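Everything below concerns the one structure shown next.
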Amino acid sequence: MKDLTTGHEGKLILNFATPMLLGNIFQQLYNVVDSIIVGNFIGKEALAAVGASFPVIFTLISFIIGIASGGTIIIAQYFGAKDYEKVKKTIGTMYIFIFFASIILTIIGITLSDFIFHLIQLPEEVIPQAKIYLNTFLLGLVIFFGFNVTSAILRGLGDSKTPLYFLIIASLFNVILDLLFVVVFNWGVRGVALATVISHGGAFVTAILYLNKTHKIININLSSLRFDRSIFYQSIRIGVPTGLQHTFVSLGTMALFRIVNGFGTNVIAAYSVAGRIENLVILPAMNFGQALSTFVGQNIGAKKIERVRSGLLATFLMSSVVSVVISLILILFRSDLVGLFTKDTHVVSFGAQYLLIVAPFYIIFSSMFCLNGVMRGAGDTIIPMFITLFSLWIIRIPFAWMLSQKMGETGIWWAVPLSWFTGLVFAFIYYMSGRWKLKSVVK
């Protein structure tokens, strides 16, 4: 556990963000390895199938993740206020909610998988493998939720190092199982999904055993977990806007995939590969934003509002430097990076084209995430939700469709930075208004 209410703001945020970043890099790396193995050992149809499954998975789980994020903010604020009894109640409430939610989502996802893939007009040759991957992954959804909620709870308590260790364990096992199930056993995309489920399960069980022995606040067993209705309502108040934001973002991603799907398997595979690379390179921006949220939550809970601005400026500077470096690397080595996933020249060409257009604008994305991180840490999640949804549904999706009619697939790529710029402008205007300071849970 880490108290972020005293000490140099920039150093605290950097030290807190770095383990989170390393952990998420490992998490994304095994997603990247999944795609590399799929693209090189199964084929581009399978690569497209796995890529098309991810927005569907995220759509199913995003609302629940949003509710859980509300619990994380509450944990951070109560921890900053030194109210440890409320921290324990919040942890128990989160686990109970997540367990039942995962069961319901698994049933819904498996039942509707065929309908969803036809709805987004996924090519017929890709749908069978997409269904196999999606349904196999969903069978392990309760494990996926359990592991990620445990990590989120620890981050709310200021501990970003322990989740890193367990993510490393999961990542290494996932790579080993990928090679075993796909290359040796020839299980195809089912093997890729099974590798993810089993590696998460092993890390989750290990994390529970470790935490029960080492953390005073966290004691995870069935007899000690209690559901607190008032805390759940607070989580709903804070988490629903984020959950709705995640849901509509994932629905928007599916809508974008429907536009992409009209350009055929090569573009679908290229978009999937570019998405894998992008999910990896935007992690610094996202983790700096998440670290800033915890920093803001603890300092608002401790009534040290003056530290928030200093923390934002330090985070903005660090995140911007990293974003510029990443953009240069992607522009210079775009074809080589896409070529790791597939040797198909058409797929490589389309994927490199995406990176060339989008990569120069990552600094805009990182700046937007910093501002939204302040708002979420303060407990003000509604405005970031509206900003994100406006940028996606009013800017990115309509412009992706309109520009693609005139420019082909490059029109879809250009809609991405346009939506980021819109989101940054609105986030900055709201931050300057100062209204986010009034949304704290701890009064």
Side-chain angles (χ1 to χ4, degrees), residues 31 34-35 38 43-66 101-141 144 188-190 192-193 243-276 278-279 350 354 385 388-405 408-409 411-413 415-416 419:
N31 288 333
D34 281 352
S35 295
V38 167
K44 65 182 179 183
E45 289 79 12
L47 187 61
V50 173
S53 298
F54 270 88
V56 177
I57 292 171
F58 192 60
T59 299
L60 290 170
I61 69 176
S62 54
F63 186 75
I64 307 303
I65 289 177
S102 63
I103 301 300
I104 295 171
L105 285 177
T106 298
I107 296 171
I108 293 173
I110 292 176
T111 303
L112 297 179
S113 60
D114 187 70
F115 168 77
I116 293 171
F117 287 126
H118 280 95
L119 181 66
I120 63 175
Q121 297 182 349
L122 194 65
E124 288 294 333
E125 68 269 19
V126 178
I127 289 178
Q129 294 189 78
K131 285 178 59 180
I132 291 172
Y133 181 87
L134 175 64
N135 291 343
T136 305
F137 181 91
L138 289 175
L139 289 174
L141 191 59
F144 174 84
V189 293
R190 179 178 280 110
V192 176
L244 289 174
Q245 173 183 323
H246 288 331
T247 300
F248 281 101
V249 165
S250 53
L251 287 172
T253 304
M254 289 175 62
L256 286 167
F257 248 102
R258 180 165 180 165
I259 298 172
V260 172
N261 290 342
F263 290 91
T265 301
N266 286 330
V267 175
I268 297 171
Y271 187 58
S272 301
V273 169
R276 279 282 196 260
E278 187 168 82
N279 286 341
F350 288 127
Y354 177 95
M385 176 193 74
T388 300
L389 297 185
F390 180 86
S391 301
L392 177 64
W393 284 94
I394 306 301
I395 304 299
R396 183 173 177 180
I397 294 174
F399 275 91
W401 180 81
M402 289 186 292
L403 293 176
S404 68
Q405 302 301 304
E409 72 284 341
I412 306 174
W413 312 159
V416 177
S419 66

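This is a predicted model, so every value here is computed, not measured.
In this structure, CD1 in Ile103 is found 12.0 Å from CD1 in Ile108, a value given to the nearest 0.5 Å. Once rounded to the nearest 0.5 Å, the distance linking CZ of Phe137 with OG1 of Thr106 reads 9.5 Å. Note: Asn135 CG to Ser113 OG = 4.0 Å, rounded to the nearest 0.5 Å. Here Leu256 contributes atom CG and Leu251 contributes atom CG; the two are 11.0 Å apart, rounded to the nearest 0.5 Å. Distance check: Leu134 CG to Asp114 CG gives 11.0 Å after rounding to the nearest 0.5 Å. A distance of 8.5 Å separates CD in Gln405 from CD1 in Ile259, rounded to the nearest 0.5 Å.
Between Leu141 and Ser102 the shortest heavy-atom distance is CD2-O, 3.9 Å. The minimum heavy-atom distance between Leu392 and Gly252, with the atom names listed, is CD2-CA, 3.7 Å.
When side chains are defined from C-beta on, Val38 does not count as touching Gln129, because their heavy atoms never get closer than 4.5 Å. Residues Leu139 and Ile110 are in side-chain contact: their nearest non-hydrogen atoms beyond the backbone lie under 4.5 Å apart. Contact annotation: the side chain of Phe257 approaches that of Ser272 to within less than 4.5 Å [non-hydrogen atoms, C-beta and beyond]. In this structure the side chain of Ile57 reaches within 4.5 angstrom of the side chain of Tyr133, judged on heavy atoms. Contact of the Tyr271 side chain with the Phe350 side chain is not registered, since no non-hydrogen atoms from C-beta on lie closer than 4.5 Å. Under the 4.5 Å side-chain criterion, counting only non-hydrogen atoms from C-beta, Val273 is not in contact with Tyr354.
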Donor-acceptor contacts, no H, no angles, side chain residues 120-127, under 3.5 Å, sequence neighbours left out:
residue	atom	partner	partner atom	Å
Glu124	OE2	His118	NE2	3.2
Glu125	OE2	Thr265	OG1	3.0

Show me the side-chain donor-acceptor pairs of residues 395-404 shorter than 3.5 Å, one per line, residues at least two apart or across chains.
residue	atom	partner	partner atom	Å
Ser404	OG	Ala400	O	3.0
Ser404	OG	Trp401	O	2.8

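Under the rule for a side-chain contact (heavy atoms from CB on, under 4.5 Å), the partners of Ile64 that lie at least two apart in sequence or sit in another chain are Phe97, Ile98, Ala101, Leu105, Phe145.
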